[in-house]
Amino acid sequence: MSPAMLLFWFVVIVIVASAALVVLSRNILHAAFSLCLCFTGVAGIYLFLHADFVAAVQLIVYVGGILVLVLFAVMFSTHTQEGSVEPRRGRLALGAGLLVGALAFVSVVLLVKNLRAPINANDTVAQARAEERNLARLEKPAQGEEPGSDEEIAASKARLEGLQKQSEYRRTVGVDPENPIAERRVGLGHLFMGRYILPFEVASVLILAALVGAVVIVRKETRA
Amino acid sequence: MNWSQLNELLPIGVVLTTSLVVVFLSLVLAPKDRYVLSLVGVAGCILGLLALGKNYHALAAEYGQPPVFFNGLARVAEGAYNPVLLGGAFVVDGFGMSIMAVALLAGALALLCTTPHEDDSALSTGEYFGLILLAVAGMMLLAVAHDFLTLLISLEVMSVATYILAGSARRDVRSGESALKYLVLGAFSTAFLMFGIAFLYGATGSLAMQAPLVAGEHLPLVKAALALILVGVLFKVGAVPFHSWVPDVYEGAPTGITALMAVGVKAAAFAVVARLCFEAFNMVKELPKVINGHRFIEIVYPLREGWLSLFAVLAILTMALGNLLAMHQNNVKRMLAYSGIAHSGYLLLAFLVTPKAGGAEITQHLQAASFYLLAYGVMTLGAFGVLSLMREDGRPMEKMEDFTGLAKEHPALALCMAVFMLSLAGMPPFAGFFAKFLVFKSAVSSGYAWAAVLGILTSVASLYYYLRVVVRMYMAPAGAEGEPAPARCRYAWTLNLLIYGTGALTLLLGLLPQWLSRLY
């Protein structure tokens, strides 16, 4: 096992163990701190996926921002002595939760088991070119080669048509051409300021709605 | 990128700007002048409608008729009009515009409904009106969203604003309960939606609405993704397996907000259902035939016949359960909540489109759906408007008994309420009849006659509980149970005007349905 793999499994174990602690801990403060560990571990997973930008955002926003707020809220609102949270009753709920979680896990694993990076438009274009050459060879064979049978030519034509259609679809749908990893952050900026500028801007409206909503909820009633 | 495309977003921009203006205006206004804020908000909604009309006319002048619905590649190929804007983030078509109009109407009514609640200070602050406008902006964006990122974010804008609005009547315990239930279940459903979108991106590398086109060998994952997305959206619609939140949330929220949820949120969510059904699920029918051995060029009907029967079953269950449970309600607001569930069922019938359907048939289905949404919106808004006028000593009057003898006290209001009830039941001269007729017709034309028959049966049964209100108003002897005295507030004339307007529109849409269909 390579050192990277060892590190990966370490991060995975940390995430799962701390997540379990969040749910099972009876002290809400311990739960909050375990959540911190869990978020940090997830940032590690993002690093393993070469998503360094997302990892940094995860650390800044979740660990640095949201979690500190959670801790503040916990410390301000409740007395955090041992056992301040009601002990859990109902093994049935726990069992049902575990069962649903296991089912979800298995189905996700089955679904993404064979997942490969989506084919981008350039791939299909290249494949179509190859098929074009193949078709040309079948129709007009070079010296000393057998011409293709009618079925072979028909099949090749159909394949070519399909490939051309596919590349058209892929262009329409906008499957991103593969970026070298180093340029991912630059690509992200371009996407935010280009194709995804509308959702990017609407996100600020979302934050505005949340802010105004927070004011509505915490405001003191002004009139008796 | 062509920035003049942003012009198409002008109606949404107007609403957003108004929401900011309202919030800032509340800082300088004295508390007793707060009613001005709601009027400014309504003015914003009207301006939004005008901007929408302007855009519509600009499109109509240029292309003769704006496209009813952007249906995938077909439109691009024709080259006449490419409504996909900002790299596919949104699309401006007749369907989206009609949903935007419904959202604006709902917003205007919600703004006006809340002015009578002066006893509750939280309901007349600038933030409250601002949030209503933000929710409307979210609905409008959702109506035109054309990639899954825009869809998710605008859905969240709409939802976050409505979660808070539902709980804004802080004197009322039920309001808090309503907000909490809506928030917890809503967040749960959004998680489904996000998982679906993540799976879809993982399988296809695209967030476009047509991403299932390139599903290829990841078809099972894409199917799972679409099913998860559908769960998230059907929750917002209130279709049957995901309906349990509707009655409590609708009953607890302030009446204006209930109207906003029943009409605006539902219309926007149905816009998403339409985009999923007619683009993400169905557009791939034009793909070339399966080619020997080449796996990634197979015909992809993500949920093919399977999802059609799924929709039919969901529609039937939703209609039946909604109408059945509405019969036992003694609270008119709760009754209208269950009736809203039933109407979601009727609307789902409009989305039963056979995979072989051509553009003309899809257009017919979409027209049925948007006519239904408009008609349902108008009559439901009116009914909630009447309900929010009914107050005694600052307490809402929502019980069946409270309607006793309303016809004697306020004949005009009672007449309007009777019109809304009969129209909701689908009686002939009113809008509700034509809406149901169109929906049942489209279900029959795609071979789901049995679903249409069941729909007609349930809508006959629904007459029972709608007529209960009418009978109470006109025939029950008053006096024995106390005279109802709906207290009218200072500015209630605006709300009255809106109620009479929706009443007239309910009649007009029923008498001259072709007037609307000429628009597209």
Side-chain angles (χ1 to χ4, degrees), chain A residues 104 107-108 110-121 124 127 131 151 155-156 158-166 168-170 172-178 191 193-203 205-217 219 221-224, chain B residues 1 9 16 19-20 23 31 73 76 86-90 121-122 125 127-128 130-131 134-135 137-138 141 145 147 149-150 152-154 156-157 160-161 163-165 167-168 170-171 199 202-208 210-211 213-214 216-218 220-221 224 287-289 291-292 294 296-297:
Chain A
S107 49
V108 168
L110 284 180
L111 279 171
V112 301
K113 199 176 50 179
N114 298 319
L115 197 63
R116 275 181 281 128
I119 312 146
N120 67 44
T124 22
Q127 284 183 31
E131 194 57 51
E151 291 96 65
S156 172
R159 258 200 307 274
L160 182 61
E161 192 198 343
L163 281 165
Q164 282 164 347
K165 205 86 180 182
Q166 278 291 318
E168 189 194 322
Y169 290 152
R170 276 168 213 285
T172 316
V173 164
V175 178
D176 302 323
E178 230 170 304
L191 283 177
M193 284 293 132
R195 192 198 303 163
Y196 294 121
I197 188 152
L198 184 71
F200 182 65
E201 291 299 327
V202 176
V205 178
L206 175 62
I207 293 169
L208 178 72
L211 260 176
V212 174
V215 172
V216 169
I217 287 177
R219 180 202 287 277
E221 290 217 43
T222 46
R223 216 169 51 180
Chain B
M1 184 175 301
L9 288 177
L16 277 180
S19 77
L20 289 183
V23 170
L73 297 170
V76 181
L86 279 184
F90 72 106
S121 60
T125 56
E127 289 82 7
Y128 177 77
L131 274 178
L134 281 176
L141 265 168
D147 68 28
L149 198 56
T150 316
L152 178 72
I153 293 206
S154 35
E156 279 305 284
V157 171
V160 165
Y163 296 150
I164 296 154
L165 287 170
S168 52
R170 294 192 307 187
R171 298 271 177 88
F199 281 167
T204 64
S206 165
L207 286 168
Q210 314 97 315
L213 260 183
V214 294
E217 54 195 312
H218 300 321
L221 188 58
L287 272 176
K289 289 253 178 296
I291 294 152
N292 44 345
H294 240 278
F296 76 70
I297 314 171

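Residue numbers start from 1 in every chain, and the chains themselves are labelled A, B, ... in the order their sequence lines are given, proteins ahead of strands.
No side-chain heavy atom of A/Leu198 sits under 4.5 Å from any side-chain heavy atom of B/Ile153.
The shortest heavy-atom contact between B/Ser168 and A/Val216 is CB-CG1, 4.4 Å.
Looking at B/Phe199, the atoms closer than 4.5 Å to chain A (heavy atoms on both sides) all sit in the side chain, from C-beta outward. Residue A/Val202 touches chain B through both its backbone and its side chain, counting heavy-atom pairs closer than 4.5 Å. Within the 4.5 angstrom heavy-atom criterion, no atom of B/Leu152 approaches chain A. With a 4.5 angstrom heavy-atom cutoff, B/Leu134 touches chain A only via side-chain atoms.
Across A/Val108, A/Ile217, A/Ile207, the residue that shares the most heavy-atom pairs under 4.5 angstrom with chain B is A/Ile217.
For the side chain to side chain donor-acceptor pair (under 3.5 Å) test, residues two or more places apart in sequence or in another chain that qualify with B/Thr150 are B/Asp147. Considering only residues two or more places apart in sequence or on other chains, B/Val23 meets the side-chain contact (heavy atoms from CB on, under 4.5 Å) condition with none of them.
Atom CG of B/Leu131 and atom CG of A/Leu211 lie 10.5 Å apart (nearest 0.5 Å).
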